[in-house]
Every structure is written in structure tokens, then in C-alpha cells.
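Structure, as C-alpha cells:
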Amino acid sequence: MNVYDSERMLEAVSKTHKLVTSPNDADAILINTCHIREKAAEKVYSEIGKFSDLKRKNKKLKVIVAGCVAQAEGNAMLQRQPLIDSIVGPQMYQNLPNILLDESNKRNVLLEFNEREKFSKLGTKRNYASISSFITIQEGCDKFCSFCVVPFTRGAEYSRSVEEVVEEAKSLCKKGCKEIILLGQNVNAYHGAYKNKTQTNLAGLIKELAKIRKLERITYTTSHPRDMNDDLINLHQYNEKLNPYLHLPVQSGSDNILKNMNRKYTSKQYLEIIEKLRKKVPNIAISSDFIVGFPGETKKDFIETLNLVKEIKFAQSYSFKYSRRIGTKANRINCSLTEEEKDERLQELQMILNKQKIQYNKTFEGKEIEVFIRGKGKRDNQYRGTTKWMQSTIFESNKSIESDKVHLKIKSAMDNCLLGELI
Ligand code: SF4
């Protein structure tokens, strides 16, 4: 979402400013920030400190901090770091042009949750497009998981209108986009309306997007198990443009921990969703997130997570040690685990998840599949791309590739990617 937000910020200021490649050439430095991990704010302060020479040399240089750290830290940022000129929360980017044009020395603090105005002012015309492009369709979250800061930094759930999203997708497709990745903190809670005020869900929106002729692939992230409805599950079977991939964070396999996390589903309910999906699309790539060492996690809770992982067999996963976030409920629960114990658990989980990833990728060996090219690889004649199962893929070609997609025969499955050969 930060990639998308950064592109939208650049588009918002494109009438008066152009992108430069070095801070040395800049009249304005926009720092987009993420608050999902602990210590994010510290990193931002140290980055800004590096601009002190530039500020001394160029009295007109503006340093603006945007994103979730700005939202969470608020005025404290201005007090702590005098180099910052303004701070702008994630729902106020529409005001960036005015802030940049403001010649007074006023330090702006824009932290309201004004997502409706933001999206309407940013508009649907896009300057930045690539074969796979992002569109935020939903922002904010009403779930209040006990470990998460998103409801405080991004605000309540808001869904953009169907027409707005479709127009933006068309604008991207005109510029060469063939795959849209729909984004939302809780993307499958999407409940946008048409102009005539009729509401639809994510499945309804995907059906509308699939009508765009030039659009070949659609995917969405990140989903919540509670919002995984039958419309969406069935669409995976019937809509050929919808990628056979689902990122569905489970976080833990222990019902006790899921309850303390306020996730509002049980491991059994999660398993049932996966079973339903696999009945419709047997080789669907299931990806997930895990938090290890959540406060109160016993050995038994952890074993329940391992058991769930062994039963489901994930194609990809992201796993982390629990990280405390100030202001969240979980921050008030005591944690008796040492860092070493958390490390050991994380390693054990990751070993199983990595094996599962390779096992899943091995099922592609010998298959011929289409790959969207994302760019050059590390070697001169190497290219990298992604499959519709969202696997990274690498191949070589001695001739330069003109097209943005190729067909490959998969030769082998490595730890983090598939190796293919041009057909
Ligand atoms: S559903 Fe996701 S974004 Fe919302 S509170 Fe839970 S973890 Fe955070």
C-alpha cells in the first residue's frame, strides 16, 4: 500500500514538481513511512537527520513526513525533529500540492481521516503504471486485533466506489497494465457502492473489473478470514481473470491465542475456508501470516500452530516474532517468553513453512506457464517475473525480450523462486 500511496503522492504534486533521483537536487523531500513494525519511528528520525546539511544549504527545502508514523507520532515529531516542515497522515495526501506551494514558514500538521475527499481529489487518472499495478480499493479497519495499530493510523473501514475503481483500472490498462493488485487493510471487507447507491462486495467489484478487455489478471490482498464469503470463494472457480492465489493471514493455530488476538475465528473455521477453496480450485496458492511468541503463547499453543501449518500446507508465508505496539491491547499483556525462546519457535515454524513452499513450487516443475515480466535479474541476460500463483520466476535469454510476458517451461523450484526456460 505504501508503494501505491507514494505513486499517488507523486501524481498529486506532478503539476508543480517533478521527480528527481537524488535528495541533493530536491526542493522538497517527501518521506513515506510505515508503522507496522516496532522502531519504525526511530528509523524515520535517523533518516531525516541525514538531511541537515541539505537544509542548511537550501533554505527553501521542505521536508515532509507522510504515512502511518506521521499519523501515530503527530505533533511530537515536530517537537523532536526541527528539520521536519510538515507532517501528513495517510488520509490527507490531497493537501500535498498546497503544502508544497505554501511559502510561509508554517509547519503543517494534517492528520484528519478524510479518505472520501482524498480519493475524490486524487482522481482516477494514473501516471505511473506497470504490467502489474496496485489500486487501493479499501482503507482502514474496524476489526481491532489486539496487536495491531492499523485502526488507529488508517482509521475506520472505507470503501471506494465501484466506478472510481473501474475508471482507475482503465487508466492503468491504457498505460500497459495487465494485472491489477487490489489493496486494502481488510480488502475482502470491501463494500463499495455504484453511483446509483447499490452496494456490492469484493466479488461484485472483481466481476466489474474483469470486463476490462486489456486486463488479464486480478488479485487482492490482504484478506481477513471473517470476510471470506461464498461469493468470493465461488468466484475463484468461475472467474478466469482472478488469480489462483489467496493471502489469508491466520496468525496462530491456537484458539486460545486467536481469542486473545481478538481475531474472532477459530482454527477450525480457518481450515473450513481453505477446504472450501481447495474444492473449487485444487492447486490454489494459499499464503499466510504468522505471529510467533504472542503474549501468553504456551508450548501447547505453539504446537497447535505447527499442527495447523502441517495440515494446510502453505504455498508462501510471512512469519514474525511478536512485536509490541504502544497503544494496543496486547501491549498490556505480560509476555513470559524470552527472545531466545521466540527465536527458536520462529525458526522451527519457518523451517516447516520453507519446506512447504518448495514442495508446492515443485509441483510446477515440467509445467509450461505464462509469466509477467517484472524486470531484469541480477545477471545481464536474466529476467524476473511472476506467475498467476504469485511465484517469483527467473529465466535467461540471450536476446533482449520485447514483450512484457513470456511462456516458460519450469525447470526447477528453488527456495525463493522458480527457474524457467523460454519456450
Ligand atoms: S484485521 Fe488486519 S488491519 Fe485490521 S486490526 Fe486486524 S491485523 Fe490490523
Side-chain angles (χ1 to χ4, degrees), residues 1-5 32-38 40-41 67-72 89-91 113 115 118 134-160 181-192 201-202 219-229 232 246-267 269-270 273-274 286-297 301 305 308 314 316-333 335:
M1 190 171 275
N2 277 347
V3 173
Y4 175 82
D5 283 353
N32 194 11
T33 61
C34 175
H35 199 245
I36 206 76
R37 306 284 294 158
E38 209 181 1
C68 290
V69 173
Q71 188 73 42
Q91 309 303 4
F113 291 106
E115 48 285 268
K118 175 179 85 171
F134 297 114
I135 300 184
T136 291
I137 61 165
Q138 179 277 336
E139 278 213 50
C141 184
D142 297 340
K143 299 279 190 301
F144 289 92
C145 299
S146 64
F147 54 83
C148 182
V149 286
V150 164
F152 309 105
T153 55
R154 291 266 170 176
E157 267 178 30
Y158 168 77
S159 296
R160 298 176 71 190
I181 301 163
L182 301 172
L183 300 175
Q185 268 89 27
N186 232 179
V187 73
N188 60 341
Y190 176 84
H191 55 274
N201 57 17
L202 180 59
T219 195
Y220 58 94
T221 196
T222 290
S223 297
H224 192 290
R226 270 179 62 202
D227 295 310
M228 210 56 222
N229 56 45
L232 197 51
L246 173 68
H247 181 66
L248 195 64
V250 62
Q251 309 297 6
S252 170
S254 152
D255 289 343
N256 185 30
I257 295 295
L258 288 173
K259 191 161 175 264
N260 290 344
M261 287 177 167
N262 195 30
R263 293 290 289 177
K264 295 203 172 82
Y265 55 82
T266 62
S267 54
Q269 285 166 331
Y270 186 88
I273 296 168
I274 305 300
I286 304 289
S287 148
S288 198
D289 290 340
F290 295 88
I291 296 174
V292 169
F294 185 79
E297 185 191 81
D301 294 320
T305 299
L308 177 122
F314 291 93
Q316 288 182 33
S317 323
Y318 304 88
S319 45
F320 305 94
K321 276 191 296 183
Y322 168 72
S323 148
R324 288 192 174 280
R325 317 304 293 112
I326 292 166
T328 60
K329 268 195 178 172
N331 194 32
R332 298 200 289 269
I333 314 174
C335 183

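Whatever order the structure lists ligands and atoms in, that order sets their numbers, starting from 1.
Among residues two or more places apart in sequence or in another chain, the ring pair (Phe, Tyr, Trp, His ring centres under 6.0 Å) test is passed with Phe290 by Phe314. Considering only residues two or more places apart in sequence or on other chains, Phe144 meets the ring pair (Phe, Tyr, Trp, His ring centres under 6.0 Å) condition with Phe152. For the ring pair (Phe, Tyr, Trp, His ring centres under 6.0 Å) test, residues two or more places apart in sequence or in another chain that qualify with His247 are Tyr318.
Protein nitrogen, oxygen and sulfur atoms, that is N, O or S, within less than 2.8 Å of atom 4 (Fe) of ligand 1 amount to 1.
A 4.5 Å side-chain heavy-atom check between Gln251 and Phe147 finds at least one atom pair inside the cut-off.
Ring-plane geometry between Tyr265 and Tyr270 is classed as tilted, the angle between the planes lying from 30 to 60 degrees on a 0 to 90 degree scale.
At a 4.0 Å cut-off, not a single heavy atom of Arg154 sits close enough to ligand 1 to count as contact.
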Inset, instruction - Go through Asn262 and Lys264 one step at a time and tell me if the side-chain hydrogen bond (donor to acceptor under 3.5 Å, both in side chains) criterion holds. - result: CA-CA 6 Å; Asn262 195 30; Lys264 295 203 172 82; 3.1 Å; yes

